[in-house]
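Note on naming: letters A, B, ... go to the chains in the order of the sequence lines (proteins, then strands), and numbering restarts at 1 for each one.
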Amino acid sequence: MKIFSVALFWVNIIFGLSLVFCDLSLMYVPRVLLWSFWILFSGSVFYGILRQQLLGFFFKRVGASIIVIAIIASMTFLLLRFLPGGPFDEEKALPPIVKANIEKKYGLDQPLWKQYFNYMGGLLRGHLGYSYKYEGREVSAIIRDSFPVSFKLGFYALVLSFFIGIPLGLFAASRYGTRLDSGAMILAISGISLPSFLVAPILIYIFSFGWPLDIFAPSLYQWLLQNNLLLPPALWHSPAHYILPVVTLGIRPAAFIARLTRASVLDVIQADFVRTARSKGLSEKVVLYHHVLRNSLVPVLTYVGPLTAGILSGSFVVEVIFAIPGIAKYFVQSVFNRDYPLILALTILFSIMLILANLLVDILYKVVDPRMEVS
Amino acid sequence: MSLQENWFHEGLQRLKKNRLALFCAYFIGFICLVAIFAKNLTPYPFDQQNIDRILEGPSHQYWMGTDKLGRDLFSRIIYGSRMSMAVGVITAILSLVIGALFGAISGWFGGWVDAIMMRIVDIAYSIPSLVIMILVKVIFDSINIFSHPELRALAGTLIALSIVGWVTLARLVRGQVLQVKTSVYIEAGRALGLSQWGLLFRHVFPNIMGPIIVMLTFRIPANILFESFLSFIGLGLQPPYSSWGVLASDGADMLESYPHLILFPGAALFLTMMAFQLLGDGLRDAFDPKMKLQ
């Protein structure tokens, strides 16, 4: 058992490092960042598994997750059949023979229980089936094309929200009761109250169209235009395209994390060990960063699970607004098209993401605070 | 009972000192009144079209301008408050009833009941909410359960949001029940021979009302936001009814040429969400100082 996890740990580190060097040699900065975070994150997870002997727990949870996914797949399978209309009901009705033939091709003529076992059997062998609507395309191919984009968007937004949220919360808490504190919190509350379909147009207006510079400072606006400093308002070609969508998606979680961090820091700051540290004569900075921050990160970690869920649904709106070729557009379309295999695959994919996030959080708990009882 | 009245009274006193939260409470009260009497307050019927005056800016006649069908935006926003608040409040209450009952039974009875019920919560927690919301919304929009036209327009949204919303509440209530369960007054009640259900409803629930009310205050804006999400992806209320979310997402398309179409509904949405957040903060500080930020 132990050797196995040690091997996993090093394979992961080496794999990650090699990817970093690969991308470094191509001077592809965002991906280097991505992989570096991956190393840090998964490295600490595996480190936690190693140190705390969590391997048994890990496998137990993975086993439970597989059952949960099977249940969710079955439930969704049943729920789909309550959708009014079928996948091949079109406005101009097909001739009955044609329709019967198409249905036969996709196995829709068989009794429901048989269809169910066919699907679950396929799932076990890793077959997600063929899309009904995008003819001749495998569902797995659709996912392979579009999911990486969505994943990148969500991941950057997640990272961004931590990088804004934690410092902002710490800043507010360290100036508790002052104007700066209330200012930071009002900023956070407005961030929570702004729906992304309001944030996105505002950001596009300012950073892509140059408002209000185009009216008040036309020369500056021209300069920005000529030097290509205005951000693209849509699509997903280069890192410059990433900025606006990632910021739009990251604002709400960042605001949540800022509030959470502030509350947690204020909680920890009253603890006895902080008073001890202060009375030892340590500087306020050391106390804040070394003693307080580390101990107040646990509640923030708790939020990673719901955060992932929020980003999954939030990315939907952002992808639509910024015309990002991600997976979100298939969500509504597949439901409207009654494209059963695609809906099922998307549901399963997103459940896996959620379950993984929750599992990682539980392991990270142990890493941050070894006293924590993992259930 | 006097202890509880005291607790309530003290909390109210603390809330009254928080001017910002109090102001937000009044603001929300005002919005609620507007929502209830929306039909009498609108200067024009909310679905009255004036084809000669489409997409006009704010004017003396149309205070907030008109939309692409020539409908008065001010009237539509007033009427939208009715729909948005209905979604927020009714969904919060529905998910509270389901979640609180589920969590309380699970925490109170413990043992295998708890084990099974918590597994169900775990599963529900791993379901991607947006997919289920879309599915449930489409299914229930095709079944007309209610005969009342407004309720019929709302039904799909209400059910879709409640089905997703109860899980967090169930977890919260279970945690609270587990805390209260071991306290001395419950033991005393048991020694006096009260029944399990009597204890649960007479003694446990009143004592965990604080966190529940706070949570409810935070759920309402979250629901309003989710509703606007659904509207944005084309699964909003059934026309001609519209909520702030529907209005704002309609306006988002025409931002550059007609900014008033997103400005006013967006502001209404933003201010209301903010008021709920600030009131929730105030309530939490007043009634439940120890509760962690959710």
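Neither the backbone nor the side chain of A/Met353 comes within contact range of chain B, judged by heavy atoms closer than 4.5 Å. Using a 4.5 Å cut-off between heavy atoms, B/Phe232 touches chain A through its side chain atoms alone. Both the backbone and the side chain of A/Leu79 have a heavy atom closer than 4.5 Å to some heavy atom of chain B. With a 4.5 Å cut-off on non-hydrogen atoms, A/Ile204 does not touch chain B at all. The contact between A/Val317 and chain B is made by backbone and side chain atoms together, counting heavy-atom distances below 4.5 Å. Only the side chain of B/Leu235 comes within less than 4.5 Å of a heavy atom in chain A; its backbone stays farther off. With a 4.5 angstrom heavy-atom cutoff, A/Arg81 does not touch chain B via any of its atoms.
The residue among B/Asp122, B/Ile123, B/Thr168, B/Ile224 with the most heavy atom pairs within less than 4.5 Å of chain A is B/Ile123. Chain B forms more heavy-atom pairs under 4.5 Å with one residue of A/Phe336, A/Tyr205, A/Phe350 than with any other, namely A/Tyr205.
Between A/Ile189 and B/Leu278 the shortest side-chain heavy-atom distance falls below 4.5 Å. Under the 4.5 Å side-chain criterion, counting only non-hydrogen atoms from C-beta, B/Leu225 is in contact with A/Arg252. Considering only heavy atoms from C-beta on, B/Val138 comes within 4.5 Å of A/Arg338 through its side chain. Looking at heavy atoms from C-beta onward, A/Thr76 lies in side-chain contact with B/Leu135 at the 4.5 angstrom threshold. Under the 4.5 Å side-chain criterion, counting only non-hydrogen atoms from C-beta, B/Met274 is in contact with A/Ile186. Residues A/Ile192 and B/Phe276 are not in side-chain contact: their nearest non-hydrogen atoms beyond the backbone lie 4.5 Å or more apart. B/Phe229 is listed as a side-chain neighbour of A/Ser196, based on a closest heavy-atom distance under 4.5 Å.
Scanning both residues, A/Phe82 and B/Ile139, for their nearest heavy atoms gives CB-CD1, 3.7 Å. The minimum heavy-atom distance linking A/Leu354 with B/Ser126 is given by the pair CD1-O, 3.6 Å.
Atom CZ of A/Phe77 is surrounded by more than 12 heavy atoms from other residues, nucleotides or ligands within 6.0 Å.
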inquiry  = side-chain contact (heavy atoms from CB on, under 4.5 Å), that's the test. Do B/Asp281 and A/Arg259 meet it? Break it down for me.
reply    = CA-CA 11 Å; B/Asp281 283 357; A/Arg259 278 161 57 93; 2.9 Å; yes

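Of the candidates A/Ile72, A/Ile71, A/Val68, B/Ile127 forms a side chain to side chain contact (heavy atoms under 4.5 Å, CB included) with just one, namely A/Ile72.
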